[in-house]
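Naming: A, B, ... by sequence-line order, numbering from 1 per chain.
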Amino acid sequence: MNPNNTGTIEINGKEYNTFTEPPVAMAQERAKTSFPVREMTYFLDGGEKNTLKNEQIMEEIERDPLFNNDNYYDLNKEQIRELTMERVAKLSLFVRDQPEDDIKKRFALIGIADMGTYTRLGVHYGLFFGAVRGTGTAEQFGHWISKGAGDLRKFYGCFSMTELGHGSNLAGLETTAIYDEETDEFIINTPHIAATKWWIGGAAHTATHTVVFARLIVKGKDYGVKTFVVQLRNINDHSLKVGISIGDIGKKMGRDGIDNGWIQFTNVRIPRQNLLMKYTKVDREGNVTQPPLAQLTYGSLITGRVSMASDSHQVGKRFITIALRYACIRRQFSTTPGQPETKIIDYPYHQRRLLPLLAYVYALKMTADEVGALFSRTMLKMDDLKPDDKAGLNEVVSDVKELFSVSAGLKAFSTWACADVIDKTRQACGGHGYSGYNGFGQAYADWVVQCTWEGDNNILTLSAGRALIQSAVALRKGEPVGNAVSYLKRYKDLANAKLNGRSLTDPKVLVEAWEVAAGNIINRATDQYEKLIGEGLNADQAFEVLSQQRFQAAKVHTRRHLIAAFFSRIDTEAGEAIKQPLLNLALLFALWSIEEDSGLFLREGFLEPKDIDTVTELVNKYCTTVREEVIGYTDAFNLSDYFINAPIGCYDGDAYRHYFQKVNEQNPARDPRPPYYASTLKPFLFREEEDDDICELDEE
Amino acid sequence: MISPNLTANVEIDGKQYNTFTEPPKALAGERAKVKFPIKDMTEFLHGGEENVTMIERLMTELERDPVLNVSGDYDMPKEQLRETAVARIAALSGHWKKDTEKEALLRSQLHGIVDMGTRIRLGVHTGLFMGAIRGSGTKEQYDYWVRKGAADVKGFYGCFAMTELGHGSNVAGLETTATYIQDTDEFIINTPNTGATKWWIGGAAHSATHTACFARLLVDGKDYGVKIFVVQLRDVSSHSLMPGIALGDIGKKMGRDAIDNGWIQFTNVRIPRQNMLMKYAKVSSTGKVSQPPLAQLTYGALIGGRVTMIADSFFVSQRFITIALRYACVRRQFGTTPGQPETKIIDYPYHQRRLLPLLAFTYAMKMAADQSQIQYDQTTDLLQTIDPKDKGALGKAIVDLKELFASSAGLKAFTTWTCANIIDQCRQACGGHGYSGYNGFGQAYADWVVQCTWEGDNNVLCLSMGRGLIQSCLGHRKGKPLGSSVGYLANKGLEQATLSGRDLKDPKVLIEAWEKVANGAIQRATDKFVELTKGGLSPDQAFEELSQQRFQCAKIHTRKHLVTAFYERINASAKADVKPYLINLANLFTLWSIEEDSGLFLREGFLQPKDIDQVTELVNHYCKEVRDQVAGYTDAFGLSDWFINAPIGNYDGDVYKHYFAKVNQQNPAQNPRPPYYESTLRPFLFREDEDDDICELDEE
């Protein structure tokens, strides 16, 4: 007898059930793709050459038994820390032998499969090494390379910036570095427990040296926070140097592979030469010279932000792939009695939950690449700069300023978007999204720290908003502004622009819509700013009053940037075969973004209430269109099952088989009695109440 | 020695404090500002002095029990959490005999604030298994299973086998079969394919002896749909599996590791006919099937879980909003005036906006939760006492039930999402320290979010509620009576209502604003529904087409519900000394909700663009008002440090001291070498390259 008609599906004359249908369904979905997937991959990677290089590196990672991730989700903190160390050791071998661009690619790809290892290596190569290179002189850099910092031999660096009581406010750090003229040394000291260096990745287990951020104090004068190299452990036996106290900060929400620790310095003496002196210098007599332009010292901070925008794409694509593949094979409810249940991807509401996020993941890549290229160009200019080239210096400083604010907003909104993608895709997989083996929980816990470190997202956003208002102020004074805000020059046009019956599917109109919204918010905030200054507030106070407006300005400006970059990349690079499919995605992204913030467009008068209905209809329409090619769009991300590491998201779509198998491999069925049966469970189930008879009193 | 960092030195009442020593002083200062009696606020929140006394007693009993000590929980691996959960259940079992139903529920809810895993480990028996027996079994059946030990968990542990690998939300599509065999008067329970494996079954992997199994009733080849059957899984005395039962552990999950979720397969398992729960559907020994007259009645039991989850959202949210706000009162960051101490983060308008609306939301959830609980108790009492032959009374009870079904669906969805959002936003508001395992956010988020998926996936619930709202509106247009929660749909005046210069601080105006937008959304969706069905679509197809609108309707209606419930409760039971402070919170909640969804109000024409500026100003205004009393609002929750379980959120505000101490207790500093120093780290740091000389060839 046939117990459940809804569970039985006939495809090409063959019968399938809930368990056996999924791979067949997946193959059917794949066959629908009308564009060349390979070409889409090239587009995403920025050309065939990059794709081939990525594939080569992915294969090297995936075949290395040390990088086998079968057990990854069941490892406890201690196990994962040790495994991470082994992986770091392996990766460091590539650092020696390969060009920098390949190394960056390798690290970024590792970050998809193992965020802990990526960062544990990053505390040395990104943070320690970056600080020595960025703020040390050439001789200093050479010295630490000769000590082993270049290839991690008898050397492991970490980065002691944040303290228990101070994080975002670097200028308020309390660790001191007092120059002792007699011995030509600095004395590094932690004045009280709240100035303990905290969260220091690599400190608890690994690091021999650290770059420490401390207040430079010479002859009683406080010169603010500078960076110093301090040795933490003896090289030969890994014991602590005199005056160093270190502890493990233990359990975190995620990233257990990183040995974050705390460090206290008690009158630790280091030679004067350990102050990184590319910008600030202290000479033997205690004369201090400060850099002419403080902005230059921040250039190196931007590196991290730019790569985090790109990481947001890398991680986002993994989870959107899982959820969309699962949606193509999962059936739920039947709209027509007697018919098979509907695939969840065919529910308009499910499409709306996921497809705009797919478009968002694509958009992140375009903007990350664009800002990355701008960053590389600026750094080259900076390196080539002659010390007496005033005009050149001004230009570089203006570029750095622009990059600083663009990368701030982008880092914030892309890392938030990625967290949101992981969380929403998890929910879209229902209960199976909650299983440890489909990776969402681990990835969310590992990922979200990206929203806090290297510039807390809220603070970055507020600072980007401040820069936007400053740009508008500059424009009003007739001063030049950077490219990213050049649309503000059309202030008068933007103020009153309306849709006026133009097509909402025209990229130009959509970019204009966002420029109108962003331009008006920025200009209105600037009006308020000028008014507050006129009333006697200082700039800081005025900006404080306008914090909500700054946040809004940065949010809307960044969304405008993502949209404009998406359309512009399609224009310049997309071949005919993939152009329309990409436009469909970009239009979905731009229109959905309008719908999400419809109040903005109504308020600015760009749209009328009835236009919002059109926007909604168009979002529905593009969802339907994108849904058709959904497997093509996700296959184009080109992630193998190793990088997906979630049985419900496997390429072949055989979700239940892989998932059931994975769960049973990791939890082999043996004894139906738990390990604590005799000690805890049985005594509980078989407990007996004691007599509750009460002593009888001889009472009258 | 000079003072290295003036910004960190704060003078209070003539005494000097530093970053480490100031926090408790700062929190005491905040507490001194509170102008309302906290006791009265606590009594308002919990519905009177009697309830507060009961809650305080239960909290003391929980916190003093050494077995329930949660101080080591954040470092416990899965295996240990699972065993500990059983020990805790055993400890709690001592209270079962004397607790009233109300006390038992409260005890469990309070315990759930700090230990969500254990709560549900027990809940799968007491809530789900027992709920099924009570709700769907006859009186004799209930008594029978109580005699077997089900009531006091002796020689018996129940679980609830509903979801399958391939089916979750669509309960009607479950594939496990229960085939009636008249010869032996038995059912045969069978899993027809791997996709029909029971999956996620809490209690199955380690604990359960019996399960309430959802399976399709098949009699004489006819499928009667899904019913519930009690099946024994394990032999009671040895805990070994019964014949035909296969089960396994589903292992690692995102959170709730304390629960032993498992999978179960049934291979022709025979159970007596009497094991089918027969309160509604019945099968006689001759194979005659009688179905209940009203299917809705069988779902009554599901509502209990939802109503509890609304309250749980409040219980958990209060913990995290307290932590983040206490921390905000002592953490200083940046200075707006040079030379002055840094600013407390609670004094940043932007930080206030991040947290204070969530504080108000937390209060609002309690009001709606209590209201739903009362409605639920009344309705279930009515259903229990009703004479099934009294058609009129039954009809009325079913209207109440349907209304509760719908309103509890929306409230469950939006309160559980809000609680997840509160945990996440509060974590981010604590910066890096929010990411520490010891401040509880990561664990709580991972544990909590499954509430958005289980007992009715939030998205599915919202869509079903949206359908209900459109149906109510249709019914009203046809002259049917409206339930009280949607009574506003009959208010013709709403169509023309605009703010027209009225006061946006007037609760009546604010409620009207929400009624107007909810009415507008529902009426428009209903128009569209009528249009689509006239155009030839079936109701199901039309509803599918309108999924986005259904979601919107549910969202807006539920927000209106929360807003209304807040003001109603204030009017009904707030004492004069707390009333203005509650109005401030309720107005903040309502106005912020308007600001968040300003597009709605512009679109419906209730507000004009310039009114939005006023809304923003009022949100800022109420943020300031509420900020002033913030220590009072959070103290009123009445949570001791044991329930807070986060050193940065302790009552005394001595955050750095407690946090530093906690980290060091859990990770005692011993050896600076990690456990894998000899095996992994040292060989890596001291590696030597092999000679890379290459064999020389004798080439010409």
Side-chain angles (χ1 to χ4, degrees), chain A residues 1 3-4 6-7 17-19 73-74 76 82 85-86 89 154 164-165 167 169 172 174 176 192-194 199 205 215 220 238 240 247-253 332-333 335 348-349 430-431 434 436 441 449 540 547 598-599 602-603 609 656 663 666-667 669 672-674 676 680-681 684-685, chain B residues 2 4-5 7-8 18-20 74-75 77 83 86-87 90 155 165-166 168 170 173 175 177 193-195 200 206 216 221 239 241 248-254 333-334 336 349-350 431-432 435 437 442 450 540 547 598-599 602-603 609 656 660 663 666-667 669 672-674 676 680 684-685:
Chain A
M1 149 181 40
N4 179 15
T6 62
N17 64 25
T18 310
F19 186 65
Y73 302 124
D74 276 304
N76 65 32
E82 177 163 7
M85 191 60 236
E86 292 177 41
K154 301 183 186 172
L164 191 48
N169 184 12
E174 299 182 80
T176 53
H192 53 71
I193 292 176
W199 283 114
H205 284 177
R215 313 192 74 77
H238 222 59
L240 298 181
D248 183 348
I249 65 163
K251 189 68 192 159
K252 304 186 296 291
M253 181 171 173
Q332 189 167 286
F333 299 112
T335 35
Y349 182 68
Y434 199 69
V449 69
D540 279 345
S547 55
S598 63
L602 291 174
R603 204 223 137 118
Y656 299 126
V663 164
Q666 293 301 112
N667 305 277
R673 284 165 291 268
Y676 50 84
T680 315
L681 185 56
F684 166 59
L685 290 175
Chain B
I2 52 145
N5 180 12
T7 62
N18 66 23
T19 313
F20 185 65
Y74 298 132
D75 278 302
E83 174 165 7
V86 175
L165 189 49
N170 184 11
E175 299 182 80
T177 55
N193 66 60
T194 310
W200 284 113
H206 285 175
R216 311 193 75 77
H239 221 62
L241 299 181
D249 184 349
I250 63 163
K252 188 67 192 160
K253 304 186 296 289
M254 182 171 173
Q333 189 165 287
F334 297 112
T336 35
Y350 182 68
Y435 199 70
V450 67
D540 276 346
S547 55
S598 64
L602 291 173
R603 207 222 137 120
Y656 300 123
F660 191 69
V663 164
Q666 295 297 116
N667 304 278
R673 284 166 291 269
Y676 49 85
T680 310
F684 165 57
L685 291 175

Look at the aromatic rings of His206(B) and Tyr676(A) and report parallel, tilted or perpendicular, splitting at 30° and 60°. perpendicular

Would you give the length of the straight line joining atom CG of Asp248(A) to atom CD of Gln666(B), rounded to the nearest 0.5 angstrom? 11.0 Å

Pick one of side chain, backbone, both or neither for Gln666(A), based on which atoms fall under 4.5 Å of a heavy atom in chain B. neither

Among Ile249(A), Asn76(A), Asp74(A), the residue with the most heavy-atom pairs under 4.5 Å to chain B is Ile249(A)

Gap separating the OH atom of Tyr656(B) from the NE2 atom of His192(A), nearest 0.5 angstrom: 9.5 Å

Can you sort out the partners of Pro674(B) under side-chain contact (heavy atoms from CB on, under 4.5 Å), two or more places apart, ordered by chain and number? His205(A), His238(A), Tyr676(B), Tyr677(B), Leu681(B)

Among the options Ser598(B), Pro349(B), Gly248(B), pick out the one with the most heavy-atom pairs lying under 4.5 Å from chain A. Pro349(B)

Rounded to the nearest 0.5 Å, what separates atom CD in Glu86(A) from atom OG1 in Thr680(B)? 4.5 Å

Phe684(B) to Met85(A) - nearest heavy-atom pair and separation: CD2-CE, 3.6 Å

About how many Å separate NE2 of His239(B) and CG of Leu685(A), when rounded to the nearest 0.5 Å? 6.5 Å

Distance-minimising heavy-atom pair for Val663(A) and Ile250(B): CG1-CA, 3.5 Å

Heavy-atom pairs under 4.5 Å with chain A - which of Gly432(B), Gly166(B), Gly195(B) has more of them than the others? Gly166(B)

Pick from Tyr656(A), Phe684(A), Tyr434(A): which one has the most heavy-atom pairs with chain B under 4.5 Å? Tyr434(A)

Rounded to the nearest 0.5 Å, the CG atom of Leu602(B) sits from the CZ atom of Arg603(A) at a distance of 8.0 Å

For chain A, the option from Gln333(B), Glu83(B), Lys253(B), Arg673(B) that forms the most heavy-atom pairs under 4.5 Å: Glu83(B)

For residues Ala87(B) and Thr680(A), report the shortest heavy-atom separation together with the two atoms involved. N-CG2, 3.6 Å

